[in-house]
Amino acid sequence: MTDDDVPGLAEAAELARRARRVVVLSGAGMSAESGVPTFREAQTGLWERFSSEELATEEAWLENPALVWSWYQWRARLVRGCSPNAGHRAIATWQRRLAQQPDGGAAGSLVIATQNVDDLHERAGAEVKAHLHGSLFDYHCAECGTPAEHDPSEDDPHEQEPADGPPLCTVCGTGRIRPGVVLFGEMLPEEAFAQTSAALEHCDLAVVVGTSALVQPAATLPYVALGAGAAVVEVNPEVTEFSTAATVHVAGNAGTVLPALVDAPNRSSSV
Ligand code: OAD
């Protein structure tokens with residue numbers, strides 16, 4: 001693939017080559033090529049087949065914890081069966097490369113803040129600073145907050161709603177165990193959001209990849225980078241709410257565009 005094949009790629013690659021402090025903001029499209037369905041796309045989006053009102057809200061958890069539990073366990077098993085794609089691997093490589101000091105200069109940094117509740121960035125070898133919408137694999141008691149262990153692969157995959165509901169907390173004995181995801185109506189983890197905002201205020205490039213830029217407050221984050229004078233590259237095959245504000249919109253898939261961006265420094269230094 002050459003830079004001319006994908007609109008915006010040549011300009012984005014030049015920004016990536018120069019950047020020392022990078023923030024990657026990823027959304028569901030980041031994991032689409034791994035086989036994890038996105039939320040809002042026709043036919044394939046999870047929300048097309050399930051209602052977010054029923055399954056991912058605070059009220060749903062209170063009214064029908066068994067249904068919410070089984071849906072998140074289904075998603076956890078689905079993610080366990082997926083592998084990181086070339087885009088996840090490229091970001092992990094870029095993070096390692098920036099943290100090194102290639103020619104005696106100061107080390108750079110790449111901060112990852114994701115809206116995704118999967119663990120595909122980590123399984124590609126990257127360190128994630130912020131899971132803005134939590135994680136499928138961090139469990140805790142909904143009553144007393146004690147962290148809990150659960151292995152979704154041990155559940156009966158055919159059981160739609162466990163008759164007894166989600167497991168009971170072994171510490172308080174009355175609360176139900178829930179996944180550490182942010183449900184609609186709940187606050188985002190404060191520290192994760194603050195750390196992401198701080199990184200964006202001090203970056204020279206933000207890369208926004210695979211998000212429809214519709215869900216607040218995550219959708220405000222790219223504007224923090226723009227407000228601080230940084231360039232913002234959006235990687236998305238579709239135009240989003242954010243596209244006209246982006247410094248560059250690269251109209252392509254994460255698994256193709258991100259490796260090309262990360263290769264940019266090598267290409268340039270060999271000229
Ligand atoms: P969406 O499903 O809203 O948007 C996915 C975006 O990814 C779309 O803009 C697609 O065009 C783009 N896309 C699809 N395939 C791609 C690919 N291969 N490479 C790059 N981009 C691609 O997902 P999010 O914006 O992440 O929240 O959704 C935000 C939040 O809404 C989620 O975190 C979740 C959901 O409700 C909670 O559950 C709290």
Side-chain angles (χ1 to χ4, degrees), residues 1 6-9 12 24-61 68 71-72 74-76 78-79 82-91 112-121 128 130-136 138 178-189 192-193 196 207-222 233-246 248-261:
M1 183 183 66
V6 180
L9 183 54
V24 172
L25 298 171
S26 64
M30 178 78 232
S31 300
E33 289 156 272
S34 294
V36 183
T38 61
F39 292 96
R40 292 181 181 76
E41 289 174 277
Q43 266 96 55
T44 58
L46 282 174
W47 285 174
E48 298 294 322
R49 284 179 283 147
F50 300 99
S51 148
S52 62
E53 284 76 26
E54 271 175 79
L55 296 170
T57 67
E58 212 176 357
E59 294 77 30
W61 169 258
V68 174
W71 187 62
Y72 277 106
W74 172 76
R75 288 183 62 193
L78 185 147
V79 167
C82 296
S83 302
N85 64 52
H88 294 106
R89 289 193 295 275
I91 290 172
I112 300 171
T114 185
Q115 293 177 76
N116 297 343
V117 292
D118 66 45
D119 58 355
L120 296 177
H121 281 300
V128 175
H131 272 278
L132 296 164
H133 292 166
S135 162
L136 283 170
D138 282 341
R178 57 163 283 182
V181 296
V182 177
L183 299 169
F184 284 101
E186 294 181 330
M187 298 290 287
L188 269 62
F193 197 80
T196 306
V207 178
V208 182
V209 50
T211 174
S212 56
L214 289 171
V215 173
Q216 300 293 353
T220 61
L221 288 168
V233 168
E234 181 185 53
V235 179
N236 197 315
E238 306 294 332
V239 168
T240 72
E241 293 287 305
F242 178 68
S243 299
T244 51
V248 188
H249 171 84
V250 187
N253 288 334
T256 312
V257 170
L258 293 170
L261 285 188

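We use all heavy atoms of the structure for the numbers below, so side chains are in, but hydrogens, waters and symmetry mates are not. Indexing begins at 1, ligand by ligand and atom by atom, following the structure's order.
Residues forming a side chain to side chain donor-acceptor pair (under 3.5 Å) with Asn236 (at least two apart in sequence, or on another chain): none. In this structure Glu241 satisfies the salt bridge (charged side-chain N to carboxylate O under 4.0 Å, His left out) test with no other residue, sequence neighbours excluded.
Close contacts between ligand 1 and Ala32 involve ligand atoms 15 (N) [criterion: under 4.0 Å to a heavy atom]. Close approach of ligand 1 to Glu33 is summarised as follows: ligand atoms under 4.0 Å from at least one heavy atom of the residue are 17 (C), 18 (N), 19 (N). The atoms of ligand 1 that sit less than 4.0 Å from any heavy atom of Phe184 are 36 (O). In summary, the atoms of ligand 1 found under 4.0 Å from a heavy atom of Glu238, numbered by their order in the structure, are 11 (O). In the vicinity of Gly210, heavy-atom distances shorter than 4.0 Å reach the ligand 1 atoms 5 (C), 6 (C), 7 (O), 20 (C), 21 (N).
Between Met30 and Val24, the closest side-chain pair of non-hydrogen atoms is not below 4.5 Å. Considering only heavy atoms from C-beta on, Thr211 stays 4.5 Å or farther from Thr240 through its side chain. Side-chain contact check for Phe242 versus Leu221: every heavy-atom pair is 4.5 Å or farther apart. Annotation: side chain of Leu9 is not in contact with side chain of Val248 (no heavy-atom distance under 4.5 Å). Side chains of Leu188 and His133 form a contact here, defined as non-hydrogen atoms less than 4.5 Å apart. At least one side-chain heavy atom of Val117 sits under 4.5 Å from a side-chain heavy atom of Arg75.
Not a single N or O atom of Gly27, backbone or side chain, sits closer than 3.5 Å to an N or O atom of ligand 1. Among the atoms of Asn116, none of the N or O lies under 3.5 angstrom from an N or O of ligand 1. Checking only distances, Thr240 never comes within under 3.5 Å of ligand 1, N or O to N or O. At under 3.5 Å, a nitrogen or oxygen of Gln115, whether backbone or side chain, sits near a nitrogen or oxygen of ligand 1. For ligand 1, none of its N or O atoms has an N or O atom of Gly252 under 3.5 Å away. The shortest N or O to N or O distance between Phe39 and ligand 1 is below 3.5 Å.
Using a 4.0 Å cut-off between heavy atoms, His133 contacts ligand 1 through its side chain alone, with no backbone atom that close. Contacts with ligand 1 closer than 4.0 Å are made by heavy atoms of both the backbone and the side chain of Asn253.
For the pair Pro237 and ligand 1, a heavy-atom separation below 4.0 Å is found.
Although no hydrogens or angles enter the test, the distance criterion places no donor-acceptor pair under 3.5 Å between the side chain of Ser31 and the main chain of Ala28. Between the side chain of Ser34 and the main chain of Val36, no donor-acceptor pair closer than 3.5 Å is present.
Compare Leu25, Val182, Val181 by their heavy atoms: the one nearest to atom 38 (O) of ligand 1 is in Val182.
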